[in-house]
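Structure first, then comments.
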Amino acid sequence: MNPLKTFPKGGVHPKENKLSANEPIINIPLPKQIIVPMGQCLGAPADCIVQKGDTVKTGQLIGTAKGFVSANVHSPATGTVAKVDTVMDHTGYYKPAVFINVEDDQWADGIDTTDELLTEIKLDSKEIIDRIKECGIVGMGGATFPTHIKLMIPEGKKAEYVIINAAECEPYLTCDNRLLLEKTQEFLMGVKIVMKAVNADKGVVGIEKNKASAIELLDKTIASNPELYAGIMVQPLKTKYPQGGEKQIIKAITGREVPSGKLPIETGCVVVNVSSSFAIYEAVQKHKPLIDRIVTVTGLSVKKPSNFKVRFGTPANLLIDEAGGLPENTTNIINGGPMMGKSVSVTDFPVIKGTSGILLMSDKEAQPRNTTNCIRCGKCMSVCPMGLEPYLLNREAKFDLFDETEKHHIMDCIECGSCEFTCPANIPLLDYIRYGKARTGAIIRSRNQK
Amino acid sequence: MNQFTISGSPHVHGSESTKKIMISVIIALLPAFLAAIYFFGWNAIRVTVLSVAVCVLAEWLIQKFLIKGPVTISDGSAVVTGMLLAFNVPSNLPWWMVVVGALVAIGIGKMSFGGLGKNPFNPALVGRVFMLVSFPTAMTTWPTTHPLFGTAVTDAITGPTPLSVLKESVKGGMSIDQILASPDMPRFVDQILGNRGGAFGEMCVIALLLGGLFLIIRKVIDWQTPVVILATVFVFTGICHLVNPEMYVNPIFHLVSGGLILGAFFMATDMATSPMTITGKIIFAVGIGVITVVIRLWGAYPEGVSFAILIMNAFTPLINKGFKPKRFGVVKQ
């Protein structure tokens, strides 16, 4: 095992609570109706290309990417389009969506649905990126940035490393861990494909050391076929939040810092999530579009914390039922992990490309506590992985002093929440910083347009 | 349909709280308190309990009837102020002086600025310095130690502190060797254990170090502040001692005398009134060390820790402005 690495500045250590780490992935059967939102990525929602009454097959394109930052959407099931309407998704807003009455599971032509491992990469770099774009693959760690854009290396830049973000530093979540354990070879082939796509010769899987069995299995698999997996190595990382932050994992592995306001390619790195890497394998080798993912359903009171393989559009309450039902003390439902996930007001929101977990929390764990005076302890500053002054940004944002927030680099904030997590006075630091960031960002954009 | 709570991330919170920090400080002060009880008897308890009670009561009254805002006495910060204030005075101080000091500490030092976290100066030191300039005689008349389980001696017998002996004798033209050999000067072991004249909470060096170590291990305070203060005092007085050993006493004497240990571990580390970054804390600590030595060697008072901390408190906002944390992703040009 390689020696542990980590990012040097800040970070916290929340309780890991990886309750479902040893639960194998279970397939969730298709429900009677699935609701597929058109906006499943960061950026513009896709244009819907089906109408009420159309029949669709599994994997058939139903929404085309609109604009540069956007991704295609495919039908996750076979059936008839009941209506094209809106649905409240995890953001709490009503978004356009296709309602499909599920009749069958017949895959569209040209998709290889067998389990056979295909190790020969026939496509070249450009074809791979086109295929990834065609299959609607996005960053599945939660940010849902379209992957094909990430893989298009700007002119004059060179990708040296492909970093696979397997840190899974969010407490509770285990979907990436399970995927690494159960689809090891497919995952590693995905890494190889990304390396070919961006023409990088080093692939590093950055993984927190609390996933010891996955580290061991990856090492063993690579060692069993060193020729096939040439250039790929596993780098264990210290269990520390936010180890899986894009900038933090690059710093931990390469020692390079992404300059403020710049993209990771400045450091010669392309960072891809585990689930995305697996989806890339399926898209490139099997021509399978992104229509399902692994979702962790968990919580301290959940009867059977589980990892499910779910088609997009499946309502979350179906998964919660499979995990033993909604615990009575549930007061907060989180889409994602407890540090960066978003709370949802309903249980029937559809699972989409960015749904890594559904976390059910009771008021004991999640209820906000009383805020008291800032005692200027400086703990928020010492845990900030970006070297910012959260107490100061909080106060400036509170009073709408956006000149000041900009001067103090509020736009560098990665919203990891370490400051708020650690604050002894329970000040909702990130709430105000997020607000300040939105307003400051708007001011900067309007100034740049002039 | 169920409706669930909507809140911004993060949805979990660490175990830190203001109350826990204050309780840690109180626990860290207990060894010194026990040592004080041993050496000064019930008087140490009397002054401490009175001071704590008045501090808490004053905070409650001000929050309840003057500000008419939320009452936060349960966070324990007033208890800490009360203890620190008591630790800085002679054990035989009349009760009404303790009350006045506690009222000034909480009323002027803390609540007039808006309460916990908003005070620019350490409240206990504000109270202490107020008492020092208001009741100079009472505040510098130190009862000699009379161990609890030893032979009873009354509080009426008083003696000077080692630092005041030093100051007066140097002024009187005695050499350091003569002073150290005089019967007024406690042995080194007694200095460390706290068997000497002085404010009852600042004397037992071992107990204070124990408490300070606890705070560092619990991560309530950073080790840099106390260590740098002590190092600065050691180096500065060490240089003076090397230049003229007849005039200036050895640096070890300075480290274990007066309120240096109490100040370095418990008062200079007060979160609200000290800088936030480590670099800032080091600057702050060097300042305290230098000012302390200047007052001790050439100032009017034998002891200068309180003044040094208060003066550096005033510089804290400036230090916070000047010494920012190192940002991630700053391109070197």
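Naming convention: chains lettered A, B, ... in sequence-line order (proteins, then strands); numbering from 1 in each chain.
When each of B/Ala272, B/Ser274, B/Gly8 is scored by its heavy-atom pairs under 4.5 Å with chain A, the top score falls to B/Ala272. With respect to chain B, the highest number of heavy-atom pairs below 4.5 Å among A/Gly378, A/Cys416, A/Pro424, A/Ser382 belongs to A/Pro424. Ranked by non-hydrogen atom pairs under 4.5 Å with chain B, the options A/Met381, A/His409, A/Met361 are led by A/His409. The candidate from A/Gly341, A/Pro428, A/Gly10 with the greatest count of non-hydrogen atom pairs under 4.5 Å with chain B is A/Gly341. Per-residue heavy-atom pair counts under 4.5 Å with chain B were compared for A/Leu392, A/Ile334, A/Thr372, A/Val12, and the maximum is reached by A/Ile334. Annotation: maximal heavy-atom pairing with chain A below 4.5 Å, among B/Met271, B/Lys219, B/Glu16, B/Arg327, occurs at B/Arg327.
When heavy atoms are compared at a cutoff of 4.5 Å, A/Lys15 does not approach chain B at all. If you measure heavy-atom distances from A/His408 to chain B, the contacts under 4.5 Å come from the side chain alone. For a residue to count as touching a neighbouring chain, one of its non-hydrogen atoms must lie under 4.5 Å from one of that chain's; by this rule A/Val344 touches chain B with the backbone only. Contact of A/Asn426 with chain B is made through backbone and side chain together, with heavy-atom distances under 4.5 Å. When heavy atoms are compared at a cutoff of 4.5 Å, A/Met386 approaches chain B by way of both its backbone and its side chain. With a threshold of 4.5 angstrom between heavy atoms, A/Thr267 does not approach chain B through any atom at all. Residue contact with chain B, scored on non-hydrogen atoms closer than 4.5 Å, involves the backbone and the side chain of A/Cys377 alike. Neither the backbone nor the side chain of A/Leu359 comes within less than 4.5 Å of any heavy atom in chain B. Using a 4.5 Å cut-off between heavy atoms, A/Lys342 touches chain B through its backbone atoms (N, CA, C, O) alone. Both the backbone and the side chain of A/Met339 have a heavy atom closer than 4.5 Å to some heavy atom of chain B. Both the backbone and the side chain of A/Ser260 come within less than 4.5 Å of a heavy atom of chain B. When heavy atoms are compared at a cutoff of 4.5 Å, A/Tyr391 approaches chain B solely by way of its side chain, counted from C-beta outward. Proximity to chain B (any heavy atom under 4.5 Å) is shown, for A/Lys262, by neither the backbone nor the side chain. When heavy atoms are compared at a cutoff of 4.5 Å, A/Leu388 approaches chain B by way of both its backbone and its side chain.
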Does the salt bridge (charged side-chain N to carboxylate O under 4.0 Å, His left out) test come out yes or no for A/Glu415 and A/Lys437, once each step is laid out? CA-CA 10 Å; A/Glu415 303 182 26; A/Lys437 212 179 142 184; 3.0 Å; yes
Stepwise, does the side chain to side chain donor-acceptor pair (under 3.5 Å) test hold for A/Thr6 with A/Gln243? CA-CA 7 Å; A/Thr6 188; A/Gln243 193 68 263; 2.9 Å; yes
When you look at B/Ile291 and B/Phe307, which way does the side-chain contact (heavy atoms from CB on, under 4.5 Å) test go after all the steps? CA-CA 8 Å; B/Ile291 297 169; B/Phe307 295 107; 5.6 Å; no
Carefully, step by step, assess A/Glu389 and B/Lys324 under the rule salt bridge (charged side-chain N to carboxylate O under 4.0 Å, His left out). CA-CA 8 Å; A/Glu389 295 161 283; B/Lys324 300 278 184 188; 3.1 Å; yes
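With contacts defined as side-chain heavy-atom distances shorter than 4.5 Å, the pair A/Leu360/A/Leu326 qualifies. You'll find the side chain of B/Phe4 stays beyond 4.5 Å of the side chain of A/Asn332, heavy atoms only. Taking the side chain as every heavy atom from C-beta outward, A/Thr298 and A/Val302 never approach each other to under 4.5 Å.
For A/Asp403, the CG atom counts as loosely surrounded, since its 6.0 Å shell holds 12 or fewer non-hydrogen atoms of other residues, nucleotides or ligands.
In this structure, B/Glu59 pairs ionically with B/Lys110, as a charged nitrogen and a carboxylate oxygen lie closer than 4.0 Å.
With hydrogens and angles disregarded, a donor-acceptor distance shorter than 3.5 Å links the side chain of B/Thr232 to the backbone of B/Val228.
Between the side chains of A/Arg434 and B/Ser9, at least one donor-acceptor pair of N or O atoms lies under 3.5 Å.
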